[in-house]
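None of these values were measured; they are calculated from a predicted model. Reckoned from all heavy atoms, side chains included, excluding hydrogens, waters and symmetry mates.
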Amino acid sequence: MSDIGDWFRSIPFITRYWFAASIAVPLIGKLGLVDIRNLLLFPEMVFSRFHIWRPVTATLYFPITPNTGFLYLVNLYFLYHYSTRLETGSFDGRPADYIFMLLFNWICIVITGLLINMQLLMIPLIMSVLYIWAQFNKDTVVSFWFGTQFKAHYLPWVILAFNFIIGGSFVNELTGNLVGHLYFFLMFKYPMDLGGRAFLSTPEFLYRFFPNRRGGVSGFGVPPTRRQAPQDNAGGLGGRHNWGQGFRLGGE
């Protein structure tokens, strides 16, 4: 048990609480402690009955059944793996920026869920984080199951196809990919690579609650640096980097 405790405490704190809640809420529903209908996102219940907790519980809940258990475990792994890499990599020492990224993605996903009657939001949020990691590390070679290798830039779309095969749907994954693309484009691509206006910035109150910490980037991926002049092409997103040998999904 001490090994499990040490491993859990080693998870960066934002990912740790997200990961723990994504286990606790499905278990509460599985054990019947709460009616699972009270955990899902129903627009009429949010707007007419003011069930304001539903956007949160719908993000943390996933039904655990013989048919969905494997899909749940796979996405739980994606949450742990890629959120940890982002939090300790591109967002290392910047918890406020990471929380803002999660909040922006979550709000976009909730709005989408309300518009298209999407009752479960766990997979879209996880996929949005995975998409952003893939953009930061697009030249990293990753190994998928059955020995398939490709650049990380294609990973969100490979997972979309994979989850469609094992789960029968791609709307959740597509929503997550599009929301992740929207964040990355507005926060990095448009203002830094294309020299446009910065439409997104982390609110100051988040920095007061979660101040930046000293320390360099320790994981995969480095956020682009803002352009100093329109003609300056250094630090753009299109540069090639040697990211190492890659890693195998589901391995150590």
Side-chain angles (χ1 to χ4, degrees), residues 11-19 21 52 55-56 58-60 79 82-115 121-122 124-140 152-153 156 174-239 241:
I11 303 173
F13 87 99
I14 299 172
T15 302
R16 184 192 315 156
Y17 286 106
W18 182 15
F19 182 76
I52 58 176
V56 176
T59 306
L60 300 174
L79 186 164
Y82 292 103
S83 181
T84 295
R85 285 181 173 268
L86 265 187
E87 190 176 350
T88 60
S90 303
F91 291 88
D92 184 43
R94 301 187 295 124
D97 293 334
Y98 192 63
I99 290 174
F100 175 70
M101 181 271 289
L102 290 176
L103 286 175
F104 175 83
N105 291 1
W106 175 71
I107 290 171
C108 292
I109 290 168
V110 169
I111 293 173
T112 303
L114 292 172
L115 291 175
L121 308 181
M122 176 184 284
L125 187 58
I126 294 172
M127 287 299 300
S128 71
V129 169
L130 187 151
Y131 183 95
I132 293 168
W133 178 89
Q135 292 302 305
F136 279 130
N137 302 273
K138 58 184 179 181
D139 290 326
T140 303
H153 180 71
L174 181 61
T175 300
N177 288 353
L178 294 178
V179 168
H181 178 79
L182 178 64
Y183 170 84
F184 192 82
F185 181 82
L186 294 178
M187 181 63 81
F188 299 111
K189 185 73 174 178
Y190 184 65
M192 298 182 183
D193 203 41
L194 302 178
R197 174 185 173 187
F199 289 100
L200 292 181
S201 62
T202 303
E204 286 297 324
F205 77 89
L206 285 178
Y207 289 118
R208 290 196 294 269
F209 286 104
F210 305 98
N212 289 347
R213 302 187 303 270
R214 287 188 175 184
V217 174
S218 59
F220 283 78
V222 179
T225 55
R226 188 175 298 276
R227 285 180 159 203
Q228 299 300 319
Q231 67 272 17
D232 179 15
N233 291 321
L237 296 176
H241 303 276

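No more than 12 heavy atoms of other residues, nucleotides or ligands sit less than 6.0 Å from atom OH of Tyr17. Applying the 6.0 Å contact sphere to CG of Leu115 captures more than 12 heavy atoms from other residues, nucleotides or ligands.
With rounding to the nearest 0.5 angstrom, the CZ atom of Phe104 is 10.0 Å from the OG atom of Ser128. Interatomic distance, Asp97 CG to Leu86 CG, rounded to the nearest 0.5 Å: 12.0 Å. To the nearest 0.5 Å, the span separating OH on Tyr82 from CG on Asn137 amounts to 9.5 Å. Here the straight-line distance linking atom OG1 of Thr175 with atom CD1 of Ile111 works out to 12.5 Å at 0.5 Å rounding. Atom-to-atom distance recorded for Phe91:CZ and Ile99:CD1 is 11.5 Å, nearest 0.5 angstrom. One distance of note links NE2 of His153 with CZ of Phe136; it measures 14.5 Å at 0.5 Å rounding.
Looking at Thr88, its side chain does come within 3.5 Å of a backbone N or O of Thr84 through a donor-acceptor pair.
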Under 3.5 Å donor-acceptor pairs involving side-chain atoms of residues 178-186, not counting sequence neighbours:
unit_1 : atom_1 : unit_2 : atom_2 : d
His181 : ND1    : Tyr131 : OH     : 2.9

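Between Leu102 and Trp18 there is a side-chain heavy-atom pair separated by less than 4.5 Å. By the 4.5 Å heavy-atom criterion applied to side chains, Ile132 and Met101 are counted as neighbours. Within the 4.5 Å cutoff, the side chain of Asn212 has heavy atoms near those of the Tyr207 side chain. Side-chain contact check for Pro95 versus Arg213: some heavy-atom pair is nearer than 4.5 Å. Contact of the Val129 side chain with the Leu79 side chain is not registered, since no non-hydrogen atoms from C-beta on lie closer than 4.5 Å.
Across Ala198 and Pro191, no two heavy atoms sit closer than the pair CA-CB, 3.9 Å. Closest approach of Met192 to Met187, counting heavy atoms only: CE-O, 3.9 Å. When all heavy atoms of Phe100 and Ser201 are compared, the pair lying nearest together is CZ-O, 3.6 Å. Contact between Ala96 and Thr202 at its shortest, heavy atoms only, is O-CG2, 3.6 Å. Taking each heavy atom of Leu121 and Pro55 in turn, the nearest pair found is CD1-O, 4.1 Å.
With sequence neighbours left out, the ring pair (Phe, Tyr, Trp, His ring centres under 6.0 Å) criterion links Phe209 to no other residue. Partners of Thr15 according to the side-chain hydrogen bond (donor to acceptor under 3.5 Å, both in side chains) rule, which considers only residues two or more places apart in sequence or in another chain, are Ser83, Glu87.
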